[in-house]
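Presented below is the structure to which this report refers.
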Amino acid sequence: MTRAYVGLGANLGDRAAMLRAAVEQLAAEPGIEIVAVSPVHETEPVGYTAQPRFLNAAAAVDTELPPRDVLDRLLGIERRLGRTRDGPRFGPRTIDLDLLLYGDELIDEPGLEVPHPRLHERLFALEPLLELDPQLELPGRGPLYEIVRGLQSL
């Protein structure tokens, strides 16, 4: 069994309802068990800033599925909840589910990078993770609390 972490975000429509629906669908996926869900944070957009504020959270899940299968399940949930990818990169979205961590694995395959490639730069994803596990380490980068502290001091 592997502990994985999923980032959740939404900034279109009823953001809170979309996060709840994503968690419900994630919990219903065979082979994925939700262990905990962080509190929800309202955050400013990053990158493409001409868009509404986000609601962000993270979920800790236990799974025996390989990382690629977890990612495929996340993409399926996004599609079922109406996510389209026809707008600008990092633009507005009804729902965004990212595989942030998969145990302590470092994965770099076409279409799948774990830890998520910009995780170490993004407080909106790191802070919910830290709430789920204050001792969590970012593979290849060290303790999460140190990374968060460094970003907060900028």
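For the single chain, residues carry numbers from 1 onward in sequence order. Computed from a predicted model, the values in this text were never measured in an experiment.
Considering CG of Leu130 and OH of Tyr145, their distance stands at 10.0 Å, rounded to 0.5 Å. Here the straight-line distance linking atom CD of Gln25 with atom CZ of Arg20 works out to 13.5 Å at 0.5 Å rounding. Interatomic distance, Leu74 CG to Ile32 CD1, rounded to the nearest 0.5 Å: 6.0 Å. For the atom pair CD1 of Ile147 and CD of Gln152, the computed distance is 12.0 Å after rounding to the nearest 0.5 Å.
Qualifying side-chain hydrogen bond (donor to acceptor under 3.5 Å, both in side chains) partners for Arg3, counting only residues two or more places apart in sequence or in other chains: Asp62.
Within 6.0 Å of the CD atom in Glu109, the count of heavy atoms belonging to other residues, nucleotides or ligands exceeds 12.
Of all heavy-atom pairs between Leu112 and Arg68, the closest is CB-NH2, 3.6 Å. When all heavy atoms are compared, the tightest approach of Asn11 to Pro52 is ND2-O, 3.0 Å. Heavy-atom minimum distance, Leu101 versus Pro139: CD2-CD, 3.7 Å. Closest of all the heavy-atom pairs between Glu105 and Pro115 is O-CD, 3.9 Å. Here the closest non-hydrogen pair linking Leu55 and Ala16 is CD1-N, 3.5 Å. The minimum heavy-atom distance between Gly9 and Asn56, with the atom names listed, is CA-ND2, 3.6 Å.
Ion pair Glu42/Arg15 flagged as a salt bridge, since at least one NZ, NE, NH1 or NH2 atom sits closer than 4.0 Å to an Asp/Glu carboxylate oxygen. The pair Glu44-Arg122 fails the salt-bridge criterion, with no side-chain N (NZ, NE, NH1 or NH2) lying under 4.0 Å from an Asp/Glu carboxylate O.
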### Query
Checking salt bridge (charged side-chain N to carboxylate O under 4.0 Å, His left out) for the pair Arg80/Glu29: CA distance, chi angles, key distance, verdict?
CA-CA 13 Å; Arg80 289 192 301 274; Glu29 284 291 331; 2.9 Å; yes
### Verdict with reasoning, Ile95 to Leu19, per side chain to side chain contact (heavy atoms under 4.5 Å, CB included)
CA-CA 7 Å; Ile95 190 67; Leu19 292 182; 3.9 Å; yes
### Task
Evaluate the criterion side chain to side chain contact (heavy atoms under 4.5 Å, CB included) for residue pair Leu99 and His116; output intermediate values, then yes/no.
CA-CA 7 Å; Leu99 180 56; His116 191 277; over 6 Å; no
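Between Leu75 and Leu71 there is a side-chain heavy-atom pair separated by less than 4.5 Å. The closest side-chain heavy-atom distance from Leu136 to Tyr5 is below 4.5 Å. For the pair Asp69/Thr63, no side-chain contact is recorded, criterion being any heavy-atom separation below 4.5 Å from C-beta on. No side-chain heavy atom of Asp133 sits less than 4.5 Å from a side-chain heavy atom of Leu144. Side-chain contact between Ile107 and Glu113: absent, with no pair of heavy atoms (C-beta onward) separated by less than 4.5 Å. Using a 4.5 Å heavy-atom cutoff, the side chains of Arg73 and Pro30 are in contact. Residues Leu8 and Asp96 fail the side-chain proximity criterion, which asks for heavy atoms closer than 4.5 Å. Asp98 places none of its side-chain heavy atoms less than 4.5 Å from the side chain of Leu119.
In terms of hydrophobic clustering, with Ile, Leu, Val, Met, Phe, Trp and Tyr side chains grouped at heavy-atom distances under 4.5 Å, Leu12 and Ile77 are assigned to different clusters. Tracing side-chain contacts under 4.5 Å through hydrophobic residues (I, L, V, M, F, W, Y), one never reaches Val35 starting from Val61; they form parts of separate clusters. When hydrophobic clusters are built by joining Ile, Leu, Val, Met, Phe, Trp and Tyr residues whose side-chain heavy atoms come closer than 4.5 Å, directly or via intermediates, Leu81 is grouped together with Val70.
Side-chain contact, Glu131 with His41: a donor N or O sits under 3.5 Å from an acceptor N or O.
Side chain of Glu64 to main chain of Gly31: no donor-acceptor pair is present (N/O by atom type, distance under 3.5 Å, no hydrogens or angles).
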